[in-house]
Amino acid sequence: MRRSRFPVVVTALVGVFFYLPIVLLVANSFNPARFSSRWQGFSLVWYARLFESPEIWQALKNTLIIALSVTAVSTVLGTMAAFALHRYGASRLQRVHYTLIYQPLVVPEILMGISLLMFFVAAGVPLGLFTIFLAHVTFCISYVAMTVLGRLQDFDFSMIEAARDLGASPWQSARKVLLPLLMPGIAAGALLAFTLSVDDFVITFFVAGPGSTTLPLRIYSMIKYGSPPMINALSTLLLAVTLTAVLVSQRLVNLRGGEARRPGT
Amino acid sequence: MGNEGGGKRTEFLDSDISQKRGSEPLRRTSDGRSSESAPGRRFDPIFKRPGLRPRRAELLVSLPTLLWLGLFIVVPTLLVFVIAFRPANPYGGIGGGWTLDTIRALGTPNYLTIAWRTLWISLLTTALCLVLAVPSGYTIARASRKWRNRLLMLVVVPFWTSFLVRVFAWKSLLHPEGMIKKALEALGLVGPETTLLYHPAAVVLVMVYTFLPFTILPIYAAAEKFDYRLLEAARDLGARPFQAFRKIFLPGVRRGILTALLVVFIPALGSYIIPDLVGGPGSEMLGNKIAQRVFTDRNLPHASALSAVLVLAVLAPLIAVLVLQRKNKKADIIMGEAP
Amino acid sequence: MNTEFLEFRGVSKRFGAVRAVDDVSLEIKKGEFFSLLGPSGCGKTTMLRLAAGFEEPDAGRVILDGRDITDLPPDKRKVNTIFQSYALFPHMTVRDNIAFGLAIAKRPKKDIRDEVDRMLALIRMAEQADKKPDLLSGGQKQRVAVARALINKPDVLLLDEPLAALDLKLRQKMLIELDLIHDEVGITFLYVTHDQAEAMSLSDRIAVMDGGRIEQVGAPAEIYESPRTSFVAAFIGDTNFLEGRVQDCPDREYCRLAIAGLPGILCFNDKSLQPGQPIYLSIRPEKVHISRERPEEEPQRNCLPAVIEDVIYLGANTKYWVRAGGYRIQVLRQHARYFLDERPLRWKDEAWIWWHADDGFMLDRFRKADEGLLAVPPRSVGEPLNGK
């Protein structure tokens, strides 16, 4: 049956639509001209300006401090949540649990931002790196939990029974069989959390204080008040970092994917 | 046969029989029943030997996240509704006492315009996303395994890059000195005075750009599970290609379509950055107003009230889809699709 | 010496509202190859998991070699399981998989290495020792699973439908291998399956289960030739069911049965039945003979005129569905000798069927639903299956 060409054409157009702005942005970061329409040759001048800017370095430092601590905490909490959801999924407690975890994934970021801002103001917590940390962990837990939960659902638990059958205690079977096979999924979740924390703008915007600028916040202020070409360079760098993290995460999820799957999934 | 056969038969009668239907078991041990175990006490291969009450283990594992999320999601959301009823403090904080003024202020035409604009921009974005996503999801699902993974990666990768960066990329493109404007000028389609930016159309364009990957993925997921032989059967029975698509394929992937709907419409309602960066004063949406109230006007109760409205606006489609999904499930069961 | 080795005493297990195992007692002898046979959902897998320690019984005890192991977790039982999905550890090599139990037991490295090598030789996989499971075929995975279990020298080996995932030819091969391993190693095997051919060919004894209860326990021939209930009669092989009543018993060994529409039928009386008792007569198709001519009269021969309704030619034998006295009876005739010019029995032909009174068996317990287990072709399109 001859399949119509129409869907393919649309998909191709969508593809161009997706990548055109990004490609142009990256290209322009190497364009010394002030305005993107004129190409003045390949240059790293904007990157140099970035490196010389102390505000950029400060923002980078803040971003990394937050992202690393957020990744650590949310990975642990998210993995625990995934276990609870998978193991006890039917109970009423878990249904409430699941609804809570699901919230950050469906609710617009601005709602989360403003509600957390209200909360911190009402509680008298000064806005700064700490509040950003708290906010980021809150939504990162959900992403880690969903990632690990997906892997748990595909996991063949008869392997754990086999380990017990062969003489391993619960702790031994978790250590020798469950965790090694789950590790790629947990790592993927951690990378996801890292990426989301580095990239987050809206929620950070609401709960940041003076002196706790992150890279996205700096990019925003540069967009509003600063020089466009440096934004290109900074964005390209940011793109490179998050892209690498995502690609590694995808490899990890697919690498051991076939091994631990239940037969038939 | 004969006697010999009979002898063999009686021998069989004495062999171990454990159960006769409806009668007492032949042997009942003296210790009989063991200590009363709770019915349904499951052996958990991971967490403990049989014996640890599952309740306790469940609480232990769930408590940290339940507490965290309860504190940082439930409480703040409730707070938003509460603060909407409080007056503003002249210093930009929250005053004491209660008032309905803030809520009443929501009725002003200014707000209504913004609410309406938010609604139609979100609807338009959703519609456009769906129109583009259905053929794309279909194409990817029908591609060979090799291509499928590549295409999926291509769709997903922009999604993971910084949202702010992508919006900014469009801002550059649409800038008066940017590529697209220059190209359109060269083609003679627009004059040098027209601005592509700062217009609701720009907002819709960039929103579609942002949300399209989110839409393609659920449709792809549904299209992948679809049995394409149904389309062949439809063609075999005389349906034209587009008819088959409309009557067989679309209903078949309706769950994916519903998810895609949610995934665009709700974030679109709450958009803030996109109208802020590429829209102008004429494209202000609810999100902008909320941000303005917080940062420019320092009027937290007003911002709260607006946010409360947004929360309700977000809940409505969520509940609608939930109800629809339940009806779909019933239909699936009746039609014999779902288990 | 054959002693009771693995015992289930009054064991019950419920999952929610479903009684998976309902007050079952069973004794398995040491060194035996014992099978639990039954349809899906009969409770056989639950029994296995109770023996392994993955389920705790709601009531009853599990005894192994005289010790009550009911409260022991699986890692403390001298019992090992072969899982239906094999459950090999994908992140470990074949060698490490097999060695797992010994490594947990903290045996010296040299001992482990020697024993693993010995096992690899036994299953003929020394060359694949360093491969990971995802590179192995189904049959190879199964052998690794067997080695991984046997190396721990368990008291009992539990096998959960181990051949279900293999295709026919491979299954036949593995059947023979399992048999050989059992003979060589001498361990008690508890084997769970829904496939009668597997159970009958491998087992010393079989327990037929249905609905959480044991229908009958015995050697394969006993189960086949002397089923105690209609379920066993219908589930194992094929059979014919005729409903009737005991008319009288002229001598101790035989009873005359009154079956509507048929002249006096004789049947061997193995159940001490009394006149007037309602019974179901069951005859297996291969015990019924069919011919064009009327056979000679003989005292213990039941003989009926019949009309042929269906013929299914199978090569080595032919199945006939005949109508005698209003009943549909299945007859299986083997072609030990075949004459090309012989006039075959065909549809609508008249013939005679007969069987020896010793070959039928009477059931005093009959469940109408068990008739559904028999594959009776309908007479016409649209007629429900198993219509009489």
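Quick note on labels: first sequence line is chain A, next is B, and so on, each numbered from 1.
- Residues passing the salt bridge (Lys or Arg N to Asp or Glu O under 4.0 Å) test with B:R148, sequence neighbours excluded: B:E224.
- Around CZ of B:F295, the count of heavy atoms belonging to other residues, nucleotides or ligands within 6.0 Å exceeds 12.
- Expressed to the nearest 0.5 Å, how far CZ of A:F206 lies from CD1 of B:I290 amounts to 7.0 Å.
- For a residue to count as touching a neighbouring chain, one of its non-hydrogen atoms must lie under 4.5 Å from one of that chain's; by this rule A:L134 touches chain B with backbone and side chain alike.
- Within the structure, side-chain hydrogen bond (donor to acceptor under 3.5 Å, both in side chains) pairs that include any residue of residues 63-73 of chain B comprise A:H97-B:T65, A:T138-B:W68 (at least two apart or interchain).
- Of all heavy-atom pairs between B:S307 and A:I114, the closest is OG-CD1, 3.2 Å.
- For A:L117, the part sitting under 4.5 Å from any heavy atom of chain B is the side chain, from C-beta outward, and nothing else.
- Most heavy-atom pairs under 4.5 Å with chain A, from the set B:V165, B:I216, B:V80: that is B:V165.
- Both the backbone and the side chain of A:L116 come within contact range of chain B, with heavy atoms under 4.5 Å apart.
- If you measure heavy-atom distances from B:L79 to chain A, the contacts under 4.5 Å come from the side chain alone.
- To the nearest 0.5 Å, atoms CZ (A:F119) and CD1 (B:I73) are separated by 11.5 Å.
- Interface remark: of the candidates B:L151, B:V82, B:L212, B:V75, B:L212 forms the most heavy-atom pairs closer than 4.5 Å to chain A.
- Of the listed residues (B:V134, B:D276, B:L132), the greatest number of heavy-atom pairs within a distance under 4.5 Å of chain A belongs to B:D276.
- Interface summary for chain B: among A:V241, A:V137, A:L20, the most heavy-atom pairs under 4.5 angstrom belong to A:V137.
- Between A:L93 and B:L66 the shortest side-chain heavy-atom distance falls below 4.5 Å.
- Of the two parts of B:V311, the backbone and the side chain both hold a non-hydrogen atom closer than 4.5 Å to a non-hydrogen atom of chain A.
- When heavy atoms are compared at a cutoff of 4.5 Å, B:L306 does not approach chain A at all.
- For the pair A:F120 and B:F72, the tightest heavy-atom approach, listed with the atom from each and the gap, is CE2-CE2, 4.2 Å.
- Put simply, of B:A268, B:A169, B:G287, B:P267, the one with the most heavy-atom pairs under 4.5 Å next to chain A is B:A169.
- Heavy-atom distances place no part of B:S271 under 4.5 Å from chain A, backbone and side chain included.
- In this structure, A:Y220 has its ring center no closer than 6.0 Å to that of B:F168.
- When side chains are defined from C-beta on, B:K171 counts as touching A:I223, because their heavy atoms get closer than 4.5 Å.
- One distance of note links CG of A:L24 with CH2 of B:W170; it measures 9.5 Å at 0.5 Å rounding.
- Of the atoms belonging to B:Y272, it is side-chain heavy atoms, and not backbone ones, that fall under 4.5 Å from chain A.
- When each of B:L71, B:L262, B:V263, B:V74 is checked for heavy-atom pairs under 4.5 Å with chain A, B:L71 comes out on top.
- Your options are B:L63, B:L277, B:L315, B:L269, and the one with the most heavy-atom pairs under 4.5 Å with chain A is B:L277.
- In this structure, chain A has no heavy atom under 4.5 Å from any part of B:L78.
- In plain terms, the two heavy atoms of A:S115 and B:T77 that are nearest each other are CB-N, 4.1 Å.
- The contact between A:Q94 and chain B is made by backbone and side chain atoms together, counting heavy-atom distances below 4.5 Å.
- Interface remark: B:F242 contributes no atoms to any contact with chain A (heavy atom separation under 4.5 Å).
- Considering CG of B:L69 and CD1 of A:I141, their distance stands at 5.0 Å, rounded to 0.5 Å.
- Among the candidates A:E109, A:M112, A:M80, A:Q103, the residue making the largest number of heavy-atom pairs closer than 4.5 Å to chain B is A:M80.
- Options A:I22, A:L234, A:V107 differ in how many heavy-atom pairs under 4.5 Å they form with chain B, and the most are formed by A:I22.
- Of all non-hydrogen atoms in A:F17 and B:Y209, the two that sit nearest each other are O-CE1, 3.2 Å.
- Only the side chain of A:L111 comes within less than 4.5 Å of a heavy atom of chain B; its backbone N, CA, C and O stay farther away.
- Annotation: the span from B:S62 atom OG to A:L100 atom CG amounts to 11.0 Å, rounded to 0.5 Å.
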